[in-house]
Amino acid sequence: MTNAGVYLHIPFCRSRCSYCDFATGLYESGAASRYVKTLTEEIANWHEVSDPPDVDTIYLGGGTPSLLTPAQLESVLSAVSSRFRVQSNAEVTMEMNPGSAGSPGSNKTTEREDLIETLNQFRELGINRVSFGAQSFDNRELARLGRSHDADAIKATFANLRSAGFENVSFDLIAGLPGQTLATWESNLEQALTLRPEHLSFYLLEVHAGTPLADHIKTGKQPVPDDDLAARMYELMLERAGQAGYEHYEISNLSLPGFESRHNTKYWTGQPYFGFGCSAHSFDGRQRRWANERDLKQYSSLIERGESPVVESENLSETETRAEAMFLGLRMMQGVSARDLQEQFGFDVQSEYRDELSRFRDEGLLEIDGDRIRLTRPGALLSNEVFAAFV
């Protein structure tokens, strides 16, 4: 059976970003201790799959997992190792907020040494990849987003990670921010590429209803994002990163050769992944999906009462499974193989979607090379339009 991934949701942050609609809350030591206890209990008592496959990726997301102590993270990772067969070469990623991992403006050698010691302890736990939300190197943009860090913190974090021996680091960057210009975006790219992390995740800003950012835009406190400008930023990102040696392997992700995110690739290629913690989602690699309670306190209460935290579950139909394999696979820039889809699902994609494939090819959004179907660069930018045809 295909190896699985494990996702661990750590919902604590030092502050709430204006655009965020994830299941997160402000860090408080007592709440964190309670959560770690219930999270480890969920993992220990988990029985959603009778014979789970080996695990070769673990992803600590959130939230800001680096707010937990090394001892707390050790208890969580030990619970995973006790419940699953974790391969020795597993990719273990931890998300990190630059503001929580650096001491910008401080010249205190002891502070930096203590921080690097903590990072060393994280690495000794088996964490070998770090992903952090740089988002922007422009302090005004960071302030408008409600980020708790500044550009100096990004650079300090990166330097400290390197000093601690981390050789696989990913930056998140957001384009299309209210008031963002092509010049500031170009500066963001130059600074990110100069640091040369192994991986870059690129996101066009999504404004979610109910977030402070959505309210600011609605009331005119911040300008409406410019979609056309965001598209130009996307093109510039691909151009500059490509010139710097990065490979565009997924719609929103680039990496130096050999540093693709093994965990996230599972989501796009239909591999199994098992989520733990509040709001965590899972997929058995076949047809069943399920999700945990989103509310942090309710999640912990369910575990403490000995009840399952799973509140949603569905079995995908054959049609839904085929469609997901098609549009999720197309997120990968290598595209999908009609032959593989035929062998896996028993349907001829080039026959079943003949009209759609022909239309998107004529519009320059898809490229068909033998049995391989892939998005073009314009198609990647308009991918939602393409995917809608397969849902």
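Owing to the predicted nature of the structure, the values given are computational and were not obtained by experimental measurement.
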Undergrad: Between Phe390 and Phe360, how do the two ring planes meet: parallel, tilted or perpendicular, split at 30° and 60°?
TA: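 Judged by the thresholds at 30° and 60°, the geometry between Phe390 and Phe360 is tilted.
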
Undergrad: If you take all heavy atoms of Pro52 and Phe274, which pair is closest and at what distance?
TA: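 Pro52 and Phe274 have their closest heavy atoms at CB-CE1, 4.3 Å.
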
Undergrad: Is a side-chain N or O of Thr194 found less than 3.5 angstrom from the main chain of Glu190, in a donor-acceptor match?
TA: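 Yes; at least one donor-acceptor contact below 3.5 Å.
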
Undergrad: Between the main-chain N or O of Gln191 and the side-chain N or O of Lys155, is there a donor-acceptor pair closer than 3.5 Å?
TA: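 No.
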
Undergrad: According to a hydrophobic-cluster definition based on side-chain heavy atoms being under 4.5 Å apart (Ile, Leu, Val, Met, Phe, Trp, Tyr only), do Tyr267 and Val49 belong together?
TA: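 Each belongs to a different hydrophobic cluster.
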
Undergrad: With rounding to the nearest 0.5 angstrom, report the CG to CZ distance, Leu382 to Phe387.
TA: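 Those atoms lie 11.0 Å apart.
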
Undergrad: Does some side-chain heavy atom of Glu385 sit less than 4.5 Å from a side-chain heavy atom of Leu365?
TA: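 In short, these two side chains touch, coming nearer than 4.5 Å.
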
Undergrad: Under a 4.5 Å cut-off applied to non-hydrogen side-chain atoms, are Gln180 and Met233 in contact?
TA: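 In contact.
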
Undergrad: Arg240 and Glu186: salt bridge (charged side-chain N to carboxylate O under 4.0 Å, His left out), yes or no, with the steps?
TA: CA-CA 9 Å; Arg240 296 292 174 82; Glu186 188 169 11; 2.7 Å; yes

Undergrad: Please round to the nearest 0.5 Å and tell me the distance separating atom CZ of Arg374 and atom CE of Met332.
TA: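 The CZ atom of Arg374 sits 12.5 Å away from the CE atom of Met332.
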
Undergrad: Is it true that Glu343 and Arg339 have a side-chain N and a carboxylate O under 4.0 angstrom from each other?
TA: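 Salt bridge: no.
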
Undergrad: Tell me whether the centres of the aromatic rings in Tyr234 and Phe202 are closer together than 6.0 Å.
TA: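 When the ring centroids of Tyr234 and Phe202 are compared, they turn out to be within the sub-6.0 Å range.
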
Undergrad: Just by distance, do the side chain of Glu95 and the backbone of Gly62 share a donor-acceptor pair under 3.5 Å?
TA: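 Yes, the answer is positive, given that a donor and an acceptor are paired below the 3.5 Å cut-off.
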
Undergrad: Under 6.0 Å from the six-membered ring centre of Phe283 and within 45° of its axis: does the NZ or CZ of Arg289 meet both?
TA: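 Yes; both conditions hold, so Arg289 lies above the ring face of Phe283.
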
Undergrad: Looking at Ala90, is its backbone amide N or carbonyl O close enough to the side chain of Gln87 to form a donor-acceptor pair, meaning the two atoms are under 3.5 Å apart?
TA: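 Not a single qualifying donor-acceptor pair exists.
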
Undergrad: Just by modelled atom types, is the Glu235 backbone N or O under 3.5 Å from a matching donor or acceptor in the Glu239 side chain?
TA: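 Flag not set: sc Glu239 to bb Glu235 has no pair under 3.5 Å.
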
Undergrad: Just so I know, are the side chains of Phe137 and Leu173 near enough to count as touching, which here means a heavy-atom distance under 4.5 Å?
TA: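 In contact.
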
Undergrad: Do you know the tightest heavy-atom contact between Val76 and Ile43?
TA: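 Shortest heavy-atom contact: O-CD1, 4.1 Å.
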
Undergrad: If we ignore hydrogens and angles and just use 3.5 Å, is the side chain of Glu320 paired with the main-chain N or O of Ser317 as donor and acceptor?
TA: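 At least one qualifying donor-acceptor pair exists.
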
Undergrad: Between the side chain of Thr376 and the main-chain N/O of Glu367, is any donor-acceptor distance below 3.5 Å?
TA: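 No; judged by distance alone, with no hydrogens or angles, the pair does not exist.
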
Undergrad: Got a donor-acceptor contact below 3.5 angstrom from the Ser308 side chain to the Val310 backbone?
TA: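 Pair found, side chain donor or acceptor close to backbone of Val310.
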
Undergrad: Minimum heavy-atom separation for Pro70 to Phe122, with atom names?
TA: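 Pro70 and Phe122 have their closest heavy atoms at CG-CE2, 3.8 Å.
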
Undergrad: So how far is it from Gln271 CD to Arg262 CZ, rounded to the nearest 0.5 Å?
TA: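 Output value for this atom pair is 10.0 Å.
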
Undergrad: Ring centroid separation for His199 and Tyr249, is it under 6.0 angstrom?
TA: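 Here the rings of Tyr249 and His199 have centres that are less than 6.0 Å from each other.
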
Undergrad: Roughly how far apart are Asp340 CG and Arg372 CZ, rounded to 0.5 Å?
TA: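 Here the interatomic distance stands at 6.5 Å.
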
Undergrad: With side-chain contact (heavy atoms from CB on, under 4.5 Å) as the test, would you mind laying out the steps for Val92 and Tyr59 before giving the verdict?
TA: CA-CA 6 Å; Val92 185; Tyr59 195 102; over 6 Å; no

Undergrad: May I ask you to test the Asp284-Pro272 pair for a side-chain heavy-atom distance under 4.5 Å?
TA: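 Answer no - side chains too far apart.
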
Undergrad: How far does NE2 of His248 sit from CD1 of Ile251, to the nearest 0.5 angstrom?
TA: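 Atom-to-atom, His248:NE2 and Ile251:CD1 are 7.0 Å apart.
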
Undergrad: Do the non-hydrogen side-chain atoms of His263 and Ile58 ever get within less than 4.5 Å of each other?
TA: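 No, side chains not in contact.
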
Undergrad: Under 3.5 Å, is there a donor-acceptor pair between the Asp138 and Thr184 side chains?
TA: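 Asp138 vs Thr184: no donor-acceptor pair found between side chains.
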
Undergrad: Quickly, which of Tyr246, Phe132, Tyr203 forms a ring pair (Phe, Tyr, Trp, His ring centres under 6.0 Å) with Phe171? Name it, please.
TA: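 Exactly one candidate clears the test, Phe132.
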
Undergrad: Using every non-hydrogen atom in the two residues, find where Pro65 and Met94 come nearest and quote the distance to one decimal.
TA: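 Shortest heavy-atom contact: CB-CG, 3.8 Å.
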
Undergrad: Less than 3.5 Å apart, any donor N or O on the side chain of Gln298 or Asp295 sitting next to an acceptor on the other?
TA: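 No.
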
Undergrad: Locate the shortest heavy-atom distance separating Asn120 from Ala164; write the atom from each residue and the value.
TA: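 Shortest heavy-atom separation between Asn120 and Ala164 comes out as OD1-O, 3.1 Å.
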
Undergrad: What is the distance from atom OH of Tyr7 to atom OG1 of Thr93, rounded to the nearest 0.5 Å?
TA: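 It comes to 11.5 Å.
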
Undergrad: For the pair Arg288 and Glu48, evaluate salt bridge (charged side-chain N to carboxylate O under 4.0 Å, His left out) and give the outcome as yes or no after the intermediate values.
TA: CA-CA 10 Å; Arg288 182 170 176 251; Glu48 294 293 335; 3.0 Å; yes

Undergrad: Sequence neighbours left out, cut at 3.5 Å: what donor-acceptor pairs do the side chains of residues 346-357 make with other protein atoms?
TA:
{"residue": "Asp348", "atom": "OD1", "partner": "Gln350", "partner atom": "N", "Å": "3.1"}
{"residue": "Asp348", "atom": "OD1", "partner": "Ser351", "partner atom": "N", "Å": "3.3"}
{"residue": "Gln350", "atom": "NE2", "partner": "Gly370", "partner atom": "O", "Å": "3.3"}

Undergrad: Passes side-chain contact (heavy atoms from CB on, under 4.5 Å), Arg331 versus Leu375? Steps please.
TA: CA-CA 8 Å; Arg331 290 193 63 92; Leu375 291 172; over 6 Å; no

Undergrad: I'd like to know if the side chain of Ser383 reaches the main chain of Ala380, judged simply by a donor and an acceptor atom lying under 3.5 Å from each other, with no hydrogens or angles considered.
TA: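 A pair under 3.5 Å: yes.
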
Undergrad: Please say yes or no: joined through hydrophobic side-chain contacts below 4.5 Å, possibly via intermediate residues, are Trp185 and Leu195 part of one cluster?
TA: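 Trp185 clusters together with Leu195.
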
Undergrad: Using modelled atom types and a 3.5 Å cut-off, is there a donor and acceptor pairing between side-chain atoms of Ser282 and backbone atoms of Gly275?
TA: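 Such a contact is found between Ser282 side chain and Gly275 backbone.
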
Undergrad: Taking Leu39 as the starting point, is it possible to reach Val36 by hopping between hydrophobic residues whose side chains are less than 4.5 Å apart?
TA: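 They do share one cluster, since a chain of ILVMFWY contacts under 4.5 Å joins Val36 to Leu39.
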
Undergrad: Between Tyr35 and Phe12, does the ring centroid distance fall short of 6.0 Å?
TA: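 Yes, the ring of Tyr35 comes within the 6.0 Å limit of the ring of Phe12, centre to centre.
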
Undergrad: Do Trp46 and Phe276 pass the side-chain contact (heavy atoms from CB on, under 4.5 Å) test, and can you show the C-alpha distance, the side-chain angles, and the key distance before you say yes or no?
TA: CA-CA 9 Å; Trp46 184 82; Phe276 298 93; 3.2 Å; yes

Undergrad: Decide yes or no on side-chain contact (heavy atoms from CB on, under 4.5 Å) for Asn168 and Val130, but give the supporting numbers first.
TA: CA-CA 7 Å; Asn168 193 351; Val130 169; over 6 Å; no

Undergrad: Considering residues, nucleotides and ligands other than Glu167, do more than 12 of their heavy atoms fall under 6.0 Å from its CD?
TA: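 No, because the 6.0 Å sphere around CD of Glu167 holds 12 heavy atoms or fewer from other groups.
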
Undergrad: Is it the case that more than 12 heavy atoms not belonging to Arg359 sit under 6.0 Å from its CZ atom?
TA: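 Yes, enclosed.
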
Undergrad: Is there a side-chain hydrogen bond (donor to acceptor under 3.5 Å, both in side chains) between Asn292 and Glu42? Walk through the geometry before answering.
TA: CA-CA 11 Å; Asn292 282 356; Glu42 181 196 0; 2.8 Å; yes

Undergrad: Please give me the minimum heavy-atom distance between Pro197 and Arg162, naming the atom from each residue.
TA: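 For Pro197 and Arg162, the tightest heavy-atom pair comes out as CA-NH2, 4.3 Å.
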
Undergrad: Let's go through Glu318 and Arg322 carefully: what are the C-alpha distance in whole Å and the side-chain angles of both, what is the deciding distance for salt bridge (charged side-chain N to carboxylate O under 4.0 Å, His left out) to 0.1 Å, and is it a yes or a no?
TA: CA-CA 6 Å; Glu318 183 176 333; Arg322 290 177 175 180; 2.9 Å; yes

Undergrad: Give the cluster check for Ile368 versus Leu341: same hydrophobic cluster or not, with ILVMFWY residues linked at side-chain heavy-atom distances below 4.5 Å.
TA: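 Looking at the clustering, Leu341 is in the same group as Ile368.
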
Undergrad: Does the side chain of Ser300 pick up a donor-acceptor pair with the side chain of Glu304 at under 3.5 Å?
TA: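 Judged by distance alone, the side chains do not pair up.
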
